[in-house]
Amino acid sequence: METFAQILVLWWVLLGSSMVSEGHRSALNGHNHTPSTHSKTTHDVTNFGAVGDGNTDDSKAFQSAWEAACKRKTNNAKVTVPSGKTFLVSPIQFEGPCTSNSITFEILGDIVAPPRSAWTKKSADEWLSFHRVDGLIVAGSGQGVIDGRGESWWTHGDDRTRPTALRFSHCNELQVRGLKHRNSQKNHVSINGCNGATISNLDIRAPAKSPNTDGIDISASSNLHIHNCLMATGDDCIAINGGTSNVDISNIACGPGHGISIGSLGTDGRHDEVEGISITNSIFTRTDNGVRIKTWQGGSGFARNITFSKITFVAANNPVIIDQYYCPHKKCANKTSAVKVSHVRYSGLHGTSICKNATINFSCSQTVPCTDIVVDDVDIESVYPNDSTTAHCINAHGTAAHALHPAMDCLRN
Ligand SMILES: *[C@@H]1O[C@H](CO)[C@@H](O)[C@H](O)[C@H]1NC(C)=O
Ligand SMILES: *[C@@H]1O[C@H](CO)[C@@H](O)[C@H](O)[C@H]1NC(C)=O
Ligand SMILES: *[C@@H]1O[C@H](CO)[C@@H](O)[C@H](O)[C@H]1NC(C)=O
Ligand SMILES: *[C@@H]1O[C@H](CO)[C@@H](O)[C@H](O)[C@H]1NC(C)=O
Ligand SMILES: *[C@@H]1O[C@H](CO)[C@@H](O)[C@H](O)[C@H]1NC(C)=O
């Protein structure tokens, strides 16, 4: 069952990707362009001096190709990273705004980061970064790999000096699809300050023990669609942080990893707001957490109107958790203010868990209760044949129906 579901998602990923490569050009360039117009607007990085031997630093060529495309006064400018080559690229920022109101960055070949020892700056926030580019399309055919060579970083402790592999900040109407991400230094993909994005057919992988290698990290963004992605990393598959609204996520295969998290919110007493999140049709295989909302004590704001539906768990730990006592590294005092969690719906959650108790764990603030929690059609059984699963609640209010396993007696009206 698990392999079937995973193969199914992999199939979605590959099918979607190959559709990207087949039907890409006409779909992306609109209906009013002939192939010759198209070729004139393509800026192949090898025409700007990129070598693609995996050793030569091709950053300057990438930068030149980007600038040429970004300055074109056409609406279908395109940078192409051709297949069959490996391009070594140092930390680089693709800056907008561009004159073209839609710009495509096509990744068919491989892009690799320099190993940690070759990074000249002591700390860098990102490796590949797009900033203030509206109407950006970053698309692959499912073949090109973006390899952060994170192995050389993971053993070096302090994650503040580790970069995000691919970052989009203030890019409205963004599309990202058909890429393979491997072994990021820290997060694989981060989306910050973007309004309107469709992210699909990504295949993101790093070892289960690689630190902080989130799949997709989202903050201060709205109107996002994320679907048909496979994520197996050492941290959250998707993390949704403050200032984010209207995100729909579907057909995700997650695991190993830490599941899909909303938060952590309210860090250092911050005011955070997250609302309108839907996660559906997804599978969590041997993840450390499944669907999680996590907030620090002492914060304010809200996490509300959140739906988790049609979720399958395969031997997940902590499959369903609201943790308002999030405090990973230090001892935290109990505080009276908290991010308010409300209108959270869990519907159609099935599968197995390895945790013997608190398979569903709603640990809400003592002072700010969770309200309007709805649990409907939940059957999560223990992987151990003789164990039953249990639910645990602190100050959680709402209703349960068709909650077979665990029984939801702890939820108050
Ligand atoms: C709840 O969120 C969904 C998106 O997941 C949105 O379509 C809907 O309008 C929101 N409802 C309310 C009452 O805010
Ligand atoms: C904080 O609150 C939690 C939840 O009620 C309780 O288990 C814990 O003992 C409290 N910690 C302190 C230090 O009071
Ligand atoms: C799990 O349940 C057992 C039996 O009910 C209990 O003794 C134990 O403390 C629970 N573990 C946790 C972490 O709450
Ligand atoms: C539920 O989650 C809270 C917060 O992470 C944790 O402290 C607690 O041990 C969990 N409860 C059980 C019974 O596992
Ligand atoms: C489960 O319970 C049955 C009946 O009590 C027992 O025969 C069996 O050994 C138990 N299995 C495990 C894995 O504990």
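Whatever order the structure lists them in is the order used to number ligands and atoms, beginning at 1. Residue numbers run from 1 in the order of the sequence given. For the numbers below, each heavy atom of this structure counts, side chains included, while hydrogens, waters and symmetry mates do not.
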Next on the checklist: Tell me whether Cys393 and Cys364 have SG atoms closer together than 2.5 Å.
Outcome noted: no
Checklist entry - Once the angle between the rings of Trp66 and Phe130 is folded into 0 to 90°, is it parallel (under 30°), tilted (30 to 60°) or perpendicular (over 60°)? => result perpendicular
Checklist entry - Is the Lys NZ or Arg CZ of Arg116 less than 6.0 Å from the centre of Trp153's six-membered ring, within 45° of the axis? => result yes
Checklist entry - Based purely on interatomic distance, does Asn305 place a nitrogen or oxygen under 3.5 Å from a nitrogen or oxygen of ligand 1? => result yes
Next on the checklist: Does the protein place a non-hydrogen atom closer than 4.0 angstrom to atom 2 (O) of ligand 1?
Outcome noted: yes
Item to check | Under 3.5 Å: donor-acceptor pair, side chain of Asp288, backbone of Gly257 | outcome: no
Next on the checklist: To check your reading of the model: name the closest protein heavy atom to atom 4 (C) of ligand 1, its residue, and the distance in Å.
Outcome noted: Gly276 O, 3.7 Å
Checklist outcome for this item: Numbered in order shown, the ligand 4 atoms found under 4.0 Å of a heavy atom of Asp323 are 4 (C), 5 (O)
Checklist entry - Parallel, tilted or perpendicular for Phe284 and Phe313, by the 30°/60° rule? => result tilted
Checklist entry - Shorter than 2.5 angstrom, is that how the SG atoms of Cys194 and Cys171 come out? => result no
Checklist entry - In terms of atom number and element, which parts of ligand 4 are under 4.0 angstrom from non-hydrogen atoms of Ser363? => result 1 (C), 2 (O), 3 (C)
Checklist entry - Which ligand 4 atoms does Asn361 reach within 4.0 Å, using its non-hydrogen atoms? => result 1 (C), 2 (O), 3 (C), 8 (C), 10 (C), 11 (N), 12 (C), 14 (O)
Checklist entry - Which residue owns the protein heavy atom closest to atom 7 (O) of ligand 1, what's the atom, and how far is it? => result Asn246 OD1, 4.8 Å
Checklist entry - For atom 14 (O) of ligand 1, is the nearest protein heavy atom closer than 4.0 Å? => result yes
